[in-house]
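Order of the sequence lines sets the chain letters (A, B, ...), proteins ahead of strands, with each chain counted from 1. Values below: every heavy atom of this structure, side chains too, minus hydrogens, waters and symmetry copies.
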Number of protein chains: 2
Amino acid sequence: MTVDRQRRPVKTAATSFAILERLKEQGTLGPTALASELDLAKSTVHRHLKTLEQEGYVVLDEDGYRVGLRLLDFGIHARNQHNLYEVAKPKVDELAEQTGEKVWCVTEEQGRGYHLYGAGGKHSVRTPAREGTRSYLHQLAAGKAILSAFSDDRVDEIIDQHGLPAKTNATITERDELFEQLATIRDRGFALNREEIVPKLHAVGVPITDQAGHPVGAISLSGPSNRLTDDRLEDELANLLLGAANEVEINLSFS
Amino acid sequence: MTVDRQRRPVKTAATSFAILERLKEQGTLGPTALASELDLAKSTVHRHLKTLEQEGYVVLDEDGYRVGLRLLDFGIHARNQHNLYEVAKPKVDELAEQTGEKVWCVTEEQGRGYHLYGAGGKHSVRTPAREGTRSYLHQLAAGKAILSAFSDDRVDEIIDQHGLPAKTNATITERDELFEQLATIRDRGFALNREEIVPKLHAVGVPITDQAGHPVGAISLSGPSNRLTDDRLEDELANLLLGAANEVEINLSFS
DNA sequence: AGTGTTGTTCGCACTATTCGAACGCTTGTT
DNA sequence: AACAAGCGTTCGAATAGTGCGAACAACACT
């Protein structure tokens, strides 16, 4: 479960991926810019880029190198491995249509949350999340819902490994505080998020578990705090999501 | 444009990607199985896997290692770089709904075709193509449509680099034959595919170009040969796609 | 024309990777 | 119950491969 720090990592592979990561963050870059950002000789970066280009992992256009579509193949494959994606997708679409807000399906890998699929209703807001986005579980409504379905030991492991970094001043940063919230979530069945990741953004999340009760993911609904008041979240919307999650769980058990 | 073979590739990075590629193809594997397939020492493979695991590019579960969701982030990013995706998506959905068949949006990188987005209508057939799939352009209706919008020199370059490998016995394998077809495609505005990639599968494809006339991709519609007769393809469906492509081109020019 | 970029190639020193052997561990067999 | 065979994992040693830096060519902008 826990990924322990290894003694002898393959540094060369790590730098190739560091280059890809930078290209993803910054868009299109040249060897010189990359070299100075990564503290490498530009000849080294150049050699890596050419190797990556050969296989289509990066592409060279007139402005420089960018991430290539070859990686889409890997990403889609990784997503299809989780059959939560296929099962939850129609429900997410339905919820987005029905409520008009942004709805996400999130899953967990190695103690981090990944946004599998999202659908935006009529007046859904723009958030930094996109498909594929990796987040800290304690910063998400869906993430806290997932954590609530884990054992306390597993939650401790995850905190030990990733910490509780803050995003806004409402983010949970204390272990005790998190466990308190998880207790309420287990009790009520849903998690709330009030500006803990983006100011003025509220959300509800409910866990999706397998027959053994282990979490396979969560679905969440988010929107502006003025529209998503505590009353609406705890009553109307939480129940809506709980019903949807239940359906997804049933469908998951036959796939 | 053309990716020329480099003298000194970064071998270590290449093996890391070879491992990922194998994991994608075979699903879940252990170090021993991977080592024998790639002709490497299992200790070497193990070290690569642990490095990849550390960053979330692969994940270890009870059956072995699999491709991790971290790569979804890269893939989605690569797709979003092509604004064809965002613009063509609603049109593809609409065509799928309207015709009931499978509709794809395809783009080109380094002389290969990538399936950006696909939507299946009511009675659409299952094909090997998924989102992210990389194909040879000459094997696809959409691919031939893209080639028809390139200059002859560029098409020659692409053939030199990737060849004309066959998939079925109807696949185009001769340079002259391809150029003949491209002439007709340029003339009529659409490309046909009759069992050239999958037996009993027919398709139509039309190119999408920018203001300068350079191809940015194509959309295609495919289905079983008995339903997609030559008459229907050349008349009804080709016109439908041409209209859609035209709309996409206009929307692209304002994005 | 000249100066400052950038992307690219190549030889050399040395770091980092590869291999193989050996370890503990589980699975299945006699 | 004991043993064998398979797996994943760790570690040292040899050498193969990487990273650096200097030098070159191709542009762009004075």
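In this structure, A:Tyr65 does not reach the C:dT6 phosphate: none of its side-chain N or O atoms is under 4.0 Å from OP1 or OP2. Distances shown here put every side-chain N or O of A:His46 at or beyond 4.0 Å from the OP1 or OP2 atom of C:dG7. For B:Thr44, no side-chain nitrogen or oxygen approaches OP1 or OP2 of C:dT17 to under 4.0 Å.
Residues B:Ala13 and A:Thr12 share a closest heavy-atom pair of N-CG2, 4.4 Å. Residues B:Val67 and B:Lys24 approach most closely at CG2-N, 3.8 Å, considering heavy atoms.
Counting any heavy atom pair closer than 4.0 Å across all strands shown, B:Ser43 reaches a base atom. Heavy atoms of B:Ser16 sit nowhere under 4.0 angstrom from any nucleic acid atom.
The side chain of A:Ala41 approaches D:dC20 more closely than any other nucleotide in the set C:dT18, D:dG19, D:dC20. Taking the side chain of B:Lys50 as heavy atoms from C-beta on, and the options D:dT9, C:dT18, C:dC12, the nearest nucleotide is D:dT9. Counting only heavy atoms from C-beta on, A:Thr12 has its side chain closest to D:dT18 among C:dG20, D:dT18, C:dT8.
Here D:dT9 presents its P atom at 15 Å from NE2 of B:His48, a figure rounded to the nearest Å. One atom, CG of B:Asp63, and another, P of C:dT26, lie 17 Å apart when rounded to the nearest Å. Taking atom NZ of A:Lys42 as the reference point, atom P of D:dA23 lies 13 Å away to the nearest angstrom.
No donor-acceptor distance shorter than 3.5 angstrom exists from the side chain of B:Glu174 to the backbone of B:Glu177, with no hydrogens or angles considered.
Using the six-membered ring where Trp is involved, B:Tyr57 and A:Phe17 have ring planes that are parallel, under 30° apart on the 30 and 60° scheme.
For D:dG17, the base has no donor-acceptor partner in the side chain of A:Arg47 [N/O atoms by modelled type, under 3.5 angstrom].
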